[in-house]
Amino acid sequence: MSILRSAALFVVAAVFEIGGAWLIWQGVREHRGWLWMTGGVLALGAYGFVATFQPDAHFGRILAAYGGIFVAGSLLWGAVADGYRPDRYDIVGALVCLAGMAVIMWAPRNGA
C-alpha cells in the first residue's frame, strides 16, 4: 500500500510543481498578470508540503525522485496545456526518468 500512497503523492506533487511553474510562466511570459504568478507561487509552496508526506524520510531521495516525475510530467503538461508534441527522444528520456524514479524510491533496501 505504501507504493500506491507514494505514487499518488507524486502525482499530486507534480500537478502543484509543474502547474505552479506554468502559472508563473503564463504570468510573466504571456503577460497574464500578478494573479497568475501568485497562484504559481502558492502552488509551488503546496508542492513542498505534499513532498513531506512521502513515506520515505530522506530528503535527497525524495527530491531526486521528483526530478524524474518533473521531466515526464512537464512533457505531458506541455502536450496538454500548450500543444507541445514530444518526439521519440523526449518520450524515451521521460521513460528513463520514470524508471530512475522507481529505482530510487521503491527498490528493496536492507534497512536503509
Margin query: ring-ring contact (aromatic ring centres under 6.0 Å, His included) for Tyr47 and Tyr66? Distances and angles first, verdict last.
Written below: CA-CA 10 Å; Tyr47 151 72; Tyr66 273 116; 5.5 Å; yes
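- Checking side-chain atoms of Gln54 against main-chain N and O of Ser6 turns up a donor-acceptor pair under 3.5 Å.
- Rounding to the nearest 0.5 Å places CE of Met105 at 10.5 Å from NE2 of His58.
- By the rule that hydrophobic residues join a cluster once side-chain heavy atoms approach within less than 4.5 Å of another member, Met101 and Leu9 end up as members of one cluster.
- Between Ala65 and Ile104 the shortest heavy-atom distance is CB-CG2, 4.2 Å.
- For the atom pair CG (Asp90) and CZ (Arg85), the distance works out to 12.0 Å, reported to the nearest 0.5 Å.
- Summarising the geometry of Phe53 relative to Arg5, their closest heavy-atom pair is O-NH2, 3.0 Å, with the distance given to 0.1 Å.
- Closest heavy-atom contact between Ile18 and Gly73: CD1-C, 3.3 Å.
- No donor-acceptor contact under 3.5 angstrom links the side chains of Asp82 and Trp77, judged on distance only.
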Could you list the donor-acceptor pairs under 3.5 angstrom formed between side-chain atoms of residues 28-46 and any protein atom two or more places apart in sequence or on another chain?
| from | atom 1 | to | atom 2 | distance (Å) |
| --- | --- | --- | --- | --- |
| Arg32 | NE | Gln26 | OE1 | 3.2 |
| Thr38 | OG1 | Trp34 | O | 2.8 |

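- No continuous path of hydrophobic side-chain contacts links Val11 to Ile3 [ILVMFWY only; heavy atoms under 4.5 Å].
- Distance check: Leu23 CG to Phe16 CZ gives 11.0 Å after rounding to the nearest 0.5 Å.
- In plain terms, the two heavy atoms of Ala94 and Val71 that are nearest each other are CA-CG1, 4.4 Å.
- A distance of 10.0 Å separates CG in Leu95 from CG in Leu75, rounded to the nearest 0.5 Å.
- Distance check: Ile62 CD1 to Asp56 CG gives 4.5 Å after rounding to the nearest 0.5 Å.
- Using a 4.5 Å cut-off between side-chain heavy atoms of Ile, Leu, Val, Met, Phe, Trp and Tyr, with links allowed through other members, Val50 and Trp106 fall into the same hydrophobic cluster.
- Closest non-hydrogen pair, Ala79 versus Pro86, comes out as CB-CD, 4.3 Å.
- Annotation for Tyr84: atom OH counts as buried by contact number, over 12 foreign heavy atoms lying within 6.0 Å.
- When hydrophobic clusters are built by joining Ile, Leu, Val, Met, Phe, Trp and Tyr residues whose side-chain heavy atoms come closer than 4.5 Å, directly or via intermediates, Val12 is grouped together with Leu63.
- By the rule that hydrophobic residues join a cluster once side-chain heavy atoms approach within less than 4.5 Å of another member, Phe10 and Val15 end up as members of separate clusters.
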